[in-house]
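We count ligands from 1, going down the list as the structure has it; atoms in each ligand are counted the same way.
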Amino acid sequence: MGRKLRVGVIGGGIGGVALTGALAQRGIEVRVFERAPAFGEVGAGIQMTPNAAKVLRALGLADHLRRMGFLPQAIVGRNWRTARENFRTPLITECPKLYGADFYHIHRADLHAMLVSLVPESAATLSASCASVRNEGNTAVATFEDGSQFEADVIVGADGIHSVVRNQLFGKEAPRFTGHMCYRAVVPFEHVRPDFVSPDASFWMGPKGHVVTYYVRSGAAVNIVAVNETADWVEESWNAPSSRAELLKAFEGWHENLIKLFERTDSVFKWGLFDRDPMKTWSSGRITLLGDAAHPMLPFLSQGAAMAIEDGYVLAKSLDAHGQDIQSALRDYEAERLPRTSRVQLEARERGKTYHLPSPMAQFKRDLAYRLQAMVNPHASGIKANWVYEYDATAFSPKPAQHKQAA
Ligand code: FAD
């Protein structure tokens, strides 16, 4: 089988730590380099849909997920002003039967921490900011801002939407501002759950905007994601501070249950939403990309982190199966992941348009279509993500070695 594989991962976000943990579990030598001085995630919620839950289960994290997560009853589409239900996609009773796993809401910090628990301490280097990467003979080399270098058989850029690794491989091109900006906040309800927040993933659809609310931390807090269309450019950052007053002003006239929730916010943040077009390839030589570095997307199908986790699992399995045959490993990884993530990128863009229809007539037609589709199949109505949830990254099987000669 030859000598042991050595992998370098640039970026310790959700995708980078998922890959590092999956490689470490397979006994592959791996080092993850994170530019921040400590691992961590921002204070916000995240939906871990059944496709992601299947991977987390395969990584041995099912108990963590059950303990930290919240199981919503349904995805419910609501009118922004009247709260009338436009669609209801049942989850809690249906997901295990339909997709083989539950649908969770979880706090990002809890998700990140459970993935970090898979990373051996010796595999993590913090305060390490990658400046460049290059292919050199039979190795890939990463250089860091302090001048140090790391050589490996493969280097993976998991360094997010502004990826240095991507810029190095494919040229520098700024991500596209999508014309959406987003407020986020988490409101704690430690003792009593509020009667104005239902235990669902609620999608409130209005003209030129939508709001998603759901419980996290086993029901002890509510996450808010409130999206507005705007021509104004907002810095692409999790940490641009906003305020309760700004949030209330942006969603003036929306349903009283939302306003009651917004009135209870304490720290509110805002940021612009960016994406990129799907790529034709993610790899060059012994260097490849994963997660937002490869396929940043709008959050309207709630899939960016889920895709990064799936990528990590598939890449680890492919590298494990192909050993030193890096080209075959990266070829199989891309063949499995690129078509799926490209479709999710493009459909997420489309969802933005349907969620935000400005004219009452267009909204009426959309809502009627939701109801008709739901009569046939509630899982193919609403956000129409059943095809996303069905996928099982753990079933991926790399092609046998002879495939390489045939190609
Ligand atoms: P990142 O999380 O961006 O991590 C990149 C890491 O690399 C960071 O830790 C960074 O510090 C590090 N880094 C960057 N540059 C360097 C460098 N040069 N050297 C070393 N380290 C570096 N996804 C879902 O699945 N479900 C959801 O419900 C969901 N909701 C969302 C809601 C909103 C409003 C938004 C904006 C996104 C949402 N997403 C959701 C998407 C998800 O947050 C991202 O797709 C996901 O975090 C991407 O993970 P990543 O590891 O690829 O990148």
Decide yes or no on side-chain contact (heavy atoms from CB on, under 4.5 Å) for Ser318 and Phe396, but give the supporting numbers first. CA-CA 9 Å; Ser318 197; Phe396 160 71; 4.0 Å; yes

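- Aromatic ring centres of Phe269 and Tyr183 lie farther apart than the 6.0 Å criterion allows.
- Looking at Val164 against ligand 1, only its side chain comes within 4.0 Å, counting heavy atoms.
- Every N/O-N/O distance between Leu273 and ligand 1 stays at or above 3.5 Å.
- Checked against the 6.0 Å centroid threshold, His210 and Trp204 do not count as a close aromatic pair.
- Each of the atoms 3 (O), 5 (C), 53 (O) of ligand 1 lies under 4.0 Å from some heavy atom of Gly160.
- Listed by number with element, the atoms of ligand 1 under 4.0 angstrom from any heavy atom of Ala158 are 5 (C), 6 (C), 7 (O).
- No N or O atom of Ala36 sits closer than 3.5 Å to an N or O atom of ligand 1.
- Judged by distance alone, with hydrogens and angles left aside, the side-chain atoms of Glu334 form a donor-acceptor pair with the main-chain N or O of Ser283 at under 3.5 Å.
- The Pro299 neighbourhood of ligand 1 comprises atoms 31 (C), 32 (C), 33 (C), 34 (C), 35 (C), 37 (C), 38 (C), with distances under 4.0 Å to a heavy atom of that residue.
- Which parts of ligand 1 touch Phe33 is read off a 4.0 Å heavy-atom cut-off, strictly below it: atoms 20 (C), 21 (N).
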May I have the step-by-step check of salt bridge (charged side-chain N to carboxylate O under 4.0 Å, His left out) for Arg337 and Asp311, ending in yes or no? CA-CA 7 Å; Arg337 299 299 306 154; Asp311 288 349; 2.7 Å; yes

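- Checked against salt bridge (Lys or Arg N to Asp or Glu O under 4.0 Å), Glu390 has no partners two or more places apart in sequence or in another chain.
- Compare Ile46, Val344, Val17, Val212 by their heavy atoms: the one nearest to atom 27 (C) of ligand 1 is in Ile46.
- Of all the heavy atoms of Met307, none lies under 4.0 Å from any atom of ligand 1, so neither backbone nor side chain is involved.
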Donor-acceptor list for residues 59-75 side chains, cut-off 3.5 Å, not counting sequence neighbours:
from, atom 1, to, atom 2, distance (Å)
Asp63, OD1, Arg66, NH1, 2.8

Would Val216 and Ile106 count as a side-chain contact (heavy atoms from CB on, under 4.5 Å) if you check the C-alpha gap in whole Å, the side-chain angles of each, and the deciding distance to 0.1 Å? CA-CA 5 Å; Val216 292; Ile106 186 161; 5.7 Å; no

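- Checking Gly272, Ser127, Ser302, Pro296 against atom 24 (C) of ligand 1, the nearest heavy atom belongs to Ser302.
- For atom 39 (N) of ligand 1, the nearest non-hydrogen atom from the set Arg108, Gln47, His105 comes from Arg108.
- Geometrically, ligand 1 and Trp271 share no nitrogen or oxygen pair separated by less than 3.5 Å.
- Those atoms of ligand 1 with a heavy atom of Ile10 less than 4.0 angstrom away are 19 (N), 20 (C).
- Considering only non-hydrogen atoms, atom 25 (O) of ligand 1 lies nearest to Ala306 out of Gly45, Gly12, Ala306.
- For the pair Arg193 and Tyr215, the cation sits on the ring face: its NZ or CZ lies under 6.0 Å from the ring centre, inside 45° of the axis.
- For ligand 1, the atoms closer than 4.0 angstrom to any heavy atom of Ala128 are 19 (N), 20 (C).
- Atom 9 (O) of ligand 1 has its nearest heavy-atom neighbour, among Glu34, His162, His295, in Glu34.
- Within the 3.5 Å criterion, the main-chain N or O of Asp159 finds no donor-acceptor partner in the side chain of Arg35.
- Near Gly291, meaning under 4.0 Å from any of its heavy atoms, are these atoms of ligand 1: 52 (O).
- If you number the atoms of ligand 1 from 1 as listed, the ones under 4.0 Å from a heavy atom of Cys182 come out as 34 (C).
- Here's the thing with Gly304: one of its N/O atoms is less than 3.5 angstrom from an N/O atom of ligand 1.
- If you check each of Ala305, Gly11, Gly15 against atom 51 (O) of ligand 1, the one with the closest non-hydrogen atom is Gly15.
- Under 4.0 Å is where a charged nitrogen must lie from a carboxylate oxygen, and between Asp332 and Lys399 no such pair does.
- With hydrogens and angles ignored, the 3.5 Å screen pairs no side-chain donor or acceptor of Thr82 with any backbone N or O of Asn79.
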